[in-house]
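The structure appears below as structure tokens.
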Amino acid sequence: MGNPKGPLFPDEVILQILARLPVKSLFRFKSVSKSWYTLPSDSYFITLFNQISVKDQTLVAEVPDSSTTSLISVDNLRGVSEFSLEFLRDRVRIRASCNGLLCCASVPEKGVYYVCNPSTREFRVLPRSRERHVTRFYPDGEATLVGLACDVGKKGFNVVMAGYHRSFGHRPDGSFVCLVFDSESNKWRKFVTALLEDCGGFTHMSKNQVVFVGGKLHWLMSGLCYVLALDLEHDVWRKVSLPGEISCGGGNRVYLLELDGFLSVVQLSDVWMKIWKMRDYESEVWCVVDCVSLRCIRGLVPGIFPICQTGEYVFLATHKQVLVYQRRSKLWKEMFSVKGSCSLPLWFSAHAFRSTLVPCN
């Protein structure tokens, strides 16, 4: 028999268990011992926790009613819970999400942006760029594209704001301005491109569904058969081809997501949901990883939108519902439904989210 006063498990086993807890539980257990108290700030544990947590995806969405707007988080295992950004002390809307961090824009004060980690309640107010606000972007003074890039294995993050340029009192001149914030230097950098003359623009969903993979941010172009990618290391835009079988227009809807670290496209028809994964990024080789029948939810198909996915499940949102499709059991389940009226559809404000310990300061 061993020493009954000794630990029941080796330290590494305990760390593996704690790294699988929700962040709220982890902070609640800090008072257990001195070693547990320092875990959320320990670099080894942060790395371990983030490596495990990035494998799961949750859906975050606004639930507006007649008087207020609340946020919910929908988790595949834990179900629905409240999701609060009140620690920002501002009324904000989420513009981008990446590996546990959110980029939020102030609603009452245009041009003010935050990067925050809702799990740790840490946040950072981004410095204003030197660009004059009224000359920055067309048509409404706000960036067409907002992206957030955060690699859990590296320090820091980047925020990207891009859009068509318009000088004060003039028509847009066709140039595409890109501002990149680097958290390590706390500075913005700018580059201008005579971008993509055949650019078809962006839908609301294609602006929401920005995907960070391999050091690049990706947006799906509206009405065109390619993905627009920004290489953050070299400040270069490039086009990435979609699977050859996807025809733009043709009655199919196409959405850009991430799948376990790979670029992914979800293609919806009236009766099928086909999931593609980019197997080889440099050669732009795509493969089909799943083909799902939509017959049992046929009535919802015209208004359903895929929001996030893993190899185990896919979250989708409609006007008033959040559904999950379990890929192994091939079962559908309603995870959340709005009771009463809903001024905006759930899919309009839905984002993928991961709960991590990634710092933003």
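Note that the structure is predicted; figures quoted are calculated from it, not measured.
- C116 and P118 make their closest contact through O-CD, 3.6 Å (heavy atoms, listed as atom of the first residue, atom of the second, distance).
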CA sep, side-chain torsions, deciding dist, call: L102, V115, side chain to side chain contact (heavy atoms under 4.5 Å, CB included): CA-CA 6 Å; L102 296 178; V115 170; over 6 Å; no
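- Side-chain contact check for R124 and N361: no donor-acceptor pair (N or O, by modelled atom type) lies under 3.5 Å.
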Worked check of salt bridge (Lys or Arg N to Asp or Glu O under 4.0 Å) between R327 and D290: CA-CA 8 Å; R327 295 177 60 183; D290 211 346; 3.0 Å; yes
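- In summary, the side chains of Q321 and S337 do not present any donor paired with an acceptor at a separation below 3.5 Å, with no hydrogens or angles considered.
- Other members of the hydrophobic cluster containing V271, listed by chain and number, are W272; membership follows side-chain contacts under 4.5 Å among ILVMFWY residues, whether direct or relayed.
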Worked verdict on N252 versus S269 for side-chain hydrogen bond (donor to acceptor under 3.5 Å, both in side chains): CA-CA 5 Å; N252 293 331; S269 69; 4.6 Å; no
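- If you look at Y281 and H218, their ring centroids are closer than 6.0 Å.
- A salt bridge does not link E184 with K154: none of the charged nitrogens is closer than 4.0 Å to a carboxylate oxygen.
- In this structure, L242 and L220 approach most closely via the heavy-atom pair CD1-CD1, 3.8 Å.
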Criterion salt bridge (Lys or Arg N to Asp or Glu O under 4.0 Å) on R354 and E258, from CA distance to verdict: CA-CA 12 Å; R354 291 181 168 103; E258 183 227 342; 2.8 Å; yes
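- Look at E109 and R128 and you find a salt bridge, because one of the NZ, NE, NH1 or NH2 atoms lies within 4.0 Å of a carboxylate O, short of that distance.
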Salt bridge (Lys or Arg N to Asp or Glu O under 4.0 Å) evaluation trace for D231 with R238: CA-CA 8 Å; D231 185 331; R238 63 169 283 191; over 6 Å; no
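- Heavy-atom neighbours of Y37 OH from other residues, nucleotides or ligands within 6.0 Å: at or below the threshold of 12.
- With hydrogens and angles left out, the side-chain atoms of S53 and T356 include no donor and acceptor closer than 3.5 Å.
- Counting all heavy atoms, side chain and backbone alike, A352 lies closest to S97 at O-OG, 2.6 Å.
- Of all heavy-atom pairs between V159 and W188, the closest is O-CZ3, 3.9 Å.
- In this structure, V358 and N99 approach most closely via the heavy-atom pair CG2-O, 3.6 Å.
- Applying the side-chain hydrogen bond (donor to acceptor under 3.5 Å, both in side chains) test to every pair with at least one member in residues 293-302, sequence neighbours left out, gives no pairs at all.
- The existence of a salt bridge linking K55 and D260 is excluded, since no basic side-chain nitrogen approaches an acidic carboxylate oxygen closer than 4.0 Å.
- A continuous path of ILVMFWY side-chain contacts below 4.5 Å connects V13 to L18, so both sit in one hydrophobic cluster.
- Looking at every heavy atom in both residues, C360 comes nearest to F157 through O-CE2, 3.5 Å.
- By the rule that hydrophobic residues join a cluster once side-chain heavy atoms approach within less than 4.5 Å of another member, Y44 and L21 end up as members of one cluster.
- Counting heavy atoms of neighbouring residues, nucleotides and ligands inside a 6.0 Å radius, atom CD of E233 does not exceed 12 of them.
- Cation-pi geometry between R253 and F305 is met: under 6.0 angstrom from the ring centre, within 45 degrees of the axis.
- Looking only at atom types and distance, the side chain of Q309 has a donor-acceptor partner in the side chain of S264 under 3.5 Å away.
- Between the side chain of D75 and the main chain of T58, no donor-acceptor pair closer than 3.5 Å is present.
- For the 3.5 Å distance criterion, the side chains of Q326 and N76 qualify, holding a donor opposite an acceptor.
- F315 and Y313 have their aromatic ring centers within a separation under 6.0 angstrom.
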